[in-house]
Amino acid sequence: MKSLASKFSFLFLFVGTFAFAQDIRVHDPVVIQQDDTFYLYCTGRGISCFSSKDLKNWEKQPSVFSEKPEWTDQVVSDFKNHIWAPDISFYNGKYYLYYSVSAFAKNTSAIGVATNTTLNPSDENYKWIDYGIVIQSVPNRDLWNAIDPNLIFDEENTPWLSFGSFWDGLKMVKLNPDLLSIAEPQEWYTIARRERSFDLADTNPGDAALEAPFIFKKNGYYYLFLSWDLCCRGDKSTYKVVVGRSEKATGPYVDKTGKPLFEGGGTLLVEGNKNWYGAGHNSTYTFNGKDYMFFHAYDANDNGSPKLKIAELVWDELGWPSLKENILD
């Protein structure tokens, strides 16, 4: 891993500073714009939410769920309403918020979904309606983990949900047009994986450390961003973001060298340093004509606290992304 990181270190630009984003504490940020306001959702009690007019100054908003969804104890006993890694989309007049319910380091997990017609808590129509489980993983049954969802529509407007963490890689499954359930007959793909030691028990997350898929459409390609290595471990965090692309939403995805992400490929985009222990779990969007990547990084000067980072992306002549400026110095 160290040699691979060194190999791709040329991707970083070690000059300048970046003006975006005050240091708010977030994990796994996703963002969407409604009218003149940006809404950020992230891991937290009941799903944390912030709003901003300028992507710089953020105001705390009410959590999505003041009380845990009723079904969660069926997945994780005595669930504490600490919900992970949401994903937010707007489709056919509604906002769809996918989210993760899981026990740490176990594939005792499920992805749920809730909808709303507005994201503004002051709007009289503001109300999250929860539809429960979309997909669930069960230890000793599934060699995949139902967390870290991301919704994407392909060139035929078919909805696909990508997700996953460790085990045997990141998965993708076709959804029904209502976006609330898996389509039948079921259609599944493995879109990224790393080599897993064969002698590990199926209940073990394993040593193939990857998670948090996010797919972004640009110039005829689907770009799959994902996180490698370890999050959530303070100064031991080794999180980093890599990317691959495909002409089809379902893959196969390859990195800049042509190596398939299914075979462990991935072009390094950002990683930690002495100031930030690790950086990962990104989401990517176009806002007001510019492409941005949102992610969290662990602040070495604040006991490894996860802080929001926003980077503008630029694209080379072959269509590969990099950070416009290094924001981890």
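Worth saying up front: this structure is predicted, and the values here are computed from it rather than measured.
Between S137 and A146, the shortest heavy-atom distance links the atoms OG-N, 3.1 Å. D28 approaches P86 most closely through the heavy-atom pair O-CD, 4.1 Å. Pairing each heavy atom of Y99 with each of P149, the nearest pair is N-CG, 4.0 Å. Residues I133 and V75 approach most closely at CD1-CG2, 3.9 Å, considering heavy atoms. The two residues L230 and F166 make their nearest non-hydrogen contact at CD2-CZ, 3.9 Å. Contact between H281 and P29 at its shortest, heavy atoms only, is O-CD, 3.8 Å.
A salt bridge is defined here as a Lys NZ or Arg NE, NH1 or NH2 lying under 4.0 Å from an Asp or Glu carboxylate O, and K68 with D130 fails to meet this definition. Taking a cutoff of 4.0 Å between a charged side-chain nitrogen and a carboxylate oxygen, R196 and D168 do not qualify as a salt bridge.
Follow the hydrophobic side-chain contacts under 4.5 Å out from W188 and you never reach L261; the two are in separate clusters. Follow the hydrophobic side-chain contacts under 4.5 Å out from V254 and you never reach L224; the two are in separate clusters. Follow the hydrophobic side-chain contacts under 4.5 Å out from F214 and you reach L308 in the same cluster.
H296 and Y298 have perpendicular rings, their planes meeting at more than 60° on a 0 to 90° scale where under 30° would count as parallel. In this structure, W128 and Y126 have perpendicular ring planes: the angle between them is above 60°, well past the 30° mark.
Of the options F163, F262, W160, a ring-ring contact (aromatic ring centres under 6.0 Å, His included) to Y189 is made by W160 and by none of the others.
At least one test fails for K217 against the ring of Y222: distance under 6.0 Å to the centre or angle within 45° of the axis.
Within the 4.5 Å cutoff, the side chain of W167 has no heavy atoms near those of the N204 side chain.
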